[in-house]
Amino acid sequence: EADIYQTPRYLVIGTGKKITLECSQTMGHDKMYWYQQDPGMELHLIHYSYGVNSTEKGDLSSESTVSRIRTEHFPLTLESARPSHTSQYLCARPLAGKAYEQYFGPGTRLTVT
Amino acid sequence: DAKTTQPPSMDCAEGRAANLPCNHSTISGNEYVYWYRQIHSQGPQYIIHGLKNNETNEMASLIITEDRKSSTLILPHATLRDTAVYYCIVRPGYTGNQFYFGTGTSLTVIP
């Protein structure tokens, strides 16, 4: 099941930089999700996709954007990073053969200085 | 819009059963009860889910009351590696798969 990959695992970057967090999977799943979790806080859905060229915003408003040009990749972009973007970003997909359960990647821990 | 209520924290002695409660008094007929856990700094991990019958797998047991307004996750022999935040989630099984995580219960297994 460990086929959802996120890079980088850790990123420290200065304010104003553009960053892209990568999420990829090899199982060909249509549905993919991005969650954001501030330290010690709740996990919130920020973006999801049901397939190529399909992206939707989640229940937590985010300044990030996503794209889904290929099934395998679901990158998240911050055009101009700010300290308020410091958080952990988790990518997820359905479990194989169990469409209504989710499998999470290892996450990217972002720190904006 | 909290659909579930869980205690914020619990302790359990190593080797004993950990019983984590969850109230979901407004659950509707087509909603399942899911349990996930999140070990520090990692992504959440699926544990178990059920609709109305009790369920058991290699990780845990799920006991759902007859009126489905509450449930209990049971870890039969807790180990130190079970220390984590446990999330109880109710959602329809057929929707677009979004999961809404609350604050969960922080379980600490004590040696």
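Just so it is clear, the model here is predicted, and its values are computed rather than measured.
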Q) Do B/Ile63 and B/Tyr86 belong to the same hydrophobic cluster, where Ile, Leu, Val, Met, Phe, Trp and Tyr are linked whenever their side-chain heavy atoms lie under 4.5 Å apart, directly or via other members? A) no
Q: Could you tell me the separation between the CZ atom of B/Phe101 and the CD atom of A/Gln102, rounded to the nearest 0.5 Å?
A: 6.5 Å
Q: Consider only side-chain heavy atoms of I, L, V, M, F, W and Y, link residues closer than 4.5 Å, and tell whether B/Ile110 and B/Ile74 are in one cluster.
A: no
Q) chain B heavy atoms under 4.5 Å from A/Gln37: which part of the residue, side chain, backbone, both or neither? A) side chain
Q: Go through the atoms of A/Gln88 and report whether side chain, backbone, both or neither lie under 4.5 Å from a heavy atom of chain B.
A: side chain
Q. Non-hydrogen atoms of chain B under 4.5 Å away: do they reach the side chain of A/Leu90, the backbone, both or neither?
A. side chain
Q | Heavy atoms from other residues, nucleotides or ligands near CG of B/Leu80 exceed 12 (cutoff 6.0 Å) | A | yes
Q: Answer with yes or no whether the hydrophobic clustering places B/Leu75 together with B/Met10; edges join I, L, V, M, F, W, Y residues whose side-chain heavy atoms lie under 4.5 Å apart.
A: yes
**Q.** Part of B/Gln38 lying under 4.5 Å from any heavy atom of chain A
**A.** side chain
Q | Pairwise disulfide (SG to SG under 2.5 Å) hits with a residue in residues 5-97 of chain A, at least two apart | A | A/Cys23-A/Cys91
Q) Looking at CD1 of B/Ile48 and CD of A/Glu101, how far apart are the two atoms once the value is rounded to the nearest 0.5 Å? A) 10.0 Å
**Q.** Same apolar cluster (I L V M F W Y, side chains within < 4.5 Å links), B/Leu20/B/Ile27
**A.** yes
Q | Proximity of residues 106-113 of chain A to chain B, residues having a non-hydrogen atom under 4.5 angstrom | A | A/Pro106, A/Arg109
Q | Same apolar cluster (I L V M F W Y, side chains within < 4.5 Å links), B/Tyr34/B/Leu107 | A | no
